[in-house]
Undergrad: 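Mind looking over this structure? Questions follow.
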Number of protein chains: 2
Amino acid sequence: MTQPTWMYENFEPAGSAIGYRITRKLDEVQSPFQKIEIFESTDWGNVMLIDGAMMLTTRDNFLYHEMMSHPALFTHGDPRRVVIIGGGDCGTLREVLKHPGVESATQCDIDEQVTRMAEKWFPELCDSNNDARAELLFDDGIAYMANCPAGSVDIVIVDSTDPVGPAEGLFNKAFYASCFRALKDDGILVQQSESPLVLLELIKEMRGEMGKAGFTTFKTLPFPQPCYPTGWWSCTLARKSGGFDYRAVDARAKTFKTKYYTADVHQGAMASIPFVAEALGE
Amino acid sequence: MTQPTWMYENFEPAGSAIGYRITRKLDEVQSPFQKIEIFESTDWGNVMLIDGAMMLTTRDNFLYHEMMSHPALFTHGDPRRVVIIGGGDCGTLREVLKHPGVESATQCDIDEQVTRMAEKWFPELCDSNNDARAELLFDDGIAYMANCPAGSVDIVIVDSTDPVGPAEGLFNKAFYASCFRALKDDGILVQQSESPLVLLELIKEMRGEMGKAGFTTFKTLPFPQPCYPTGWWSCTLARKSGGFDYRAVDARAKTFKTKYYTADVHQGAMASIPFVAEALGE
């Protein structure tokens, strides 16, 4: 029995760190894109790191995956065609496919090794990988969106790592313009948007780039996420036009299970927070 | 210029850690009760540690202090007499005194040194210490509550450290029975109740002890708090009877400024979260 040790991620942009008590390293692979490591923890199940950054734990990933998918899907009137850029751990895909109205969901992650590691160490996230509606591609998400037929997609979910390294190209006007073109008029773009406590500048820049690509309305929803810096994270929704009222009746009547998301939680995440609104100029 | 270093708090009960990038130690005092240290950080302002546990930072303490006070004060119909047990940094006191209807607020912290350090290193939290309605006592909170005239208090806020060391006696039936007795029939007890993600057992036990003391209704409100383990924290409200509908109209019309709390945020914090509700047997 190895003695547990503490493993930390120092998040330089925020000057804060998070850590877990680890029992052993379970796996490691250097893909063409990044280094993926899996650790076993004492209290959080398995932990995936990519290039030293905490990506997910068995225990708390439901918060992120539910909030990256259900708010957008219950905001759209009738989401049938969903594209996930990144999301190689398959957790967002699983949540998206809980919606019976979804006819097809394509997950396009550049790094096949992320999915292989998820299948091995987070198999519960891959429960829906064999769903007939699921398509798993291992390819460049930027090219995928650029080649998407115009007006063919209801929702694009950008479930990526931080805007450095392989994911850098997913945070600029060129990429957002592809998303804009691929989305139908009532489509929604969703992107993980870092910590609303310390990275408001990033959210502002992201919205700025989205705006240059044609999106006109934005909504940032905060949620708890202990394995990410500050423990408080967000996703940002963008639309070509229109607001972010959601299908509360449908959300209340949903037939699938969630551990965090409910209609009331969705409503709560819509609440304007004074210091956030001020920083974003809302 | 000292090179910044990383300082971590390993939170053993949750197997998770938090940390900050620190430039230097500013102050330290060993009081009769505990060791208080103040550090300067690169991004979070000053950081107070008590016996090695992060207590507050300049940057994020508003989340905790606002959520420990305003939900309770806007739930009570007409809060005039408030008692704060612990709370030596004076941040909760400042928030309570923002309510013009409050006639007196007593803060009773066993450790005067916490307040002296707050005055020195977090002076903004002490803005209301000279308010004519404020009373600052440095005494045993357990004894204070036991000696409070029966039915004399509208709200008791237990703003303490974790249930180990000096604060241990603030989490059991005997203390809650004193609070019950001191509170008027429509009174509210509020207590910080740790992380709703990992310490649900503690919340359950706390509610159990409150129940033995006579309280019949409970509501746990989660909120983000990066400087505490998991970054997600909570307060638990308890009443002798009755629910937790709040004065939404008054909260919307409040004349004082907050950075996080609003009526909508309050409403959002009331949302039942499936995995929390299940663990608490709600």
Undergrad: What is the minimum heavy-atom distance between A:Val102 and A:Val96, and which atoms define it?
TA: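 Scanning both residues completely, I find the closest heavy atoms to be CG2-O, 3.7 Å.
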Undergrad: Looking at B:Ala277, B:Ala269, B:Pro226, which one has more heavy-atom pairs under 4.5 Å with chain A than the rest?
TA: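 The option with the most such pairs is B:Pro226.
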Undergrad: Could you walk me through whether A:Val114 and A:Ile50 satisfy the side-chain contact (heavy atoms from CB on, under 4.5 Å) test, starting with their C-alpha distance in whole Å, then the side-chain angles of each, then the deciding distance to 0.1 Å, before giving a yes or no?
TA: CA-CA 9 Å; A:Val114 176; A:Ile50 292 187; 4.0 Å; yes
Undergrad: State which residues pass side chain to side chain contact (heavy atoms under 4.5 Å, CB included) with B:Pro13; sequence neighbours excluded, sorted by chain then number.
TA: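 Expected list: B:Phe11, B:Leu199.
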Undergrad: Which donor-acceptor pairs sit under 3.5 Å apart between chain B and chain A?
TA:
residue	atom	partner	partner atom	Å
B:Tyr8	OH	A:Asn10	OD1	2.7
B:Tyr8	OH	A:Asn10	ND2	3.3
B:Asn10	OD1	A:Tyr8	OH	2.7
B:Asn10	ND2	A:Tyr8	OH	3.3
B:Glu12	O	A:Arg21	NH1	3.1
B:Glu12	O	A:Arg21	NH2	3.1
B:Glu12	OE1	A:Arg21	NH1	2.6
B:Ala14	O	A:Trp44	NE1	2.7
B:Gly15	O	A:Arg21	N	2.9
B:Ala17	N	A:Gly19	O	2.8
B:Ala17	O	A:Gly19	N	3.0
B:Gly19	N	A:Ala17	O	3.0
B:Gly19	O	A:Ala17	N	2.8
B:Arg21	N	A:Gly15	O	2.9
B:Arg21	NH1	A:Glu12	O	3.2
B:Arg21	NH1	A:Glu12	OE1	2.6
B:Arg21	NH2	A:Glu12	O	3.1
B:Trp44	NE1	A:Ala14	O	2.7
B:Lys259	O	A:Phe275	N	3.0
B:Phe275	N	A:Lys259	O	2.9

Undergrad: If you count heavy-atom pairs under 4.5 Å with chain B, which of A:Pro229, A:Ala271, A:Pro224 comes out on top?
TA: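 The candidate making the most pairs under 4.5 Å is A:Pro224.
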Undergrad: To check you understand the geometry: which heavy-atom pair defines the closest contact between B:Leu49 and B:Gly52, and what is its length?
TA: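 Shortest heavy-atom separation between B:Leu49 and B:Gly52 comes out as CD2-O, 3.5 Å.
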Undergrad: Working note: B:Val190 + B:Val158, criterion side-chain contact (heavy atoms from CB on, under 4.5 Å); need CA distance, chi angles, decisive distance, verdict.
TA: CA-CA 6 Å; B:Val190 199; B:Val158 188; over 6 Å; no
Undergrad: On a heavy-atom basis, which atom in A:Pro71 and which in A:Leu221 lie closest, and how many Å separate them?
TA: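 Scanning both residues, the minimum pair turns out to be CB-CD1, 3.5 Å.
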Undergrad: Just give me the residue among B:Gly231, B:Ala14, B:Gly268 that pairs up with chain A most often, heavy atom to heavy atom, under 4.5 Å.
TA: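 Result: the option with the highest number of such pairs is B:Ala14.
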Undergrad: Quick one: of B:Val265, B:Leu63, B:Leu197, B:Val276, who has the most non-hydrogen atom pairs under 4.5 Å with chain A?
TA: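 Option with the top pair count is B:Leu197.
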Undergrad: Closest heavy-atom contact between A:Ile155 and A:Pro79?
TA: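 Minimum heavy-atom contact is CD1-CB, 3.8 Å.
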Undergrad: For A:Phe275 and B:Phe62, I'd like to know if the aromatic rings sit close, meaning centre-to-centre distance below 6.0 Å.
TA: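 Yes - the distance between ring centres of A:Phe275 and B:Phe62 falls below the 6.0 Å cut-off.
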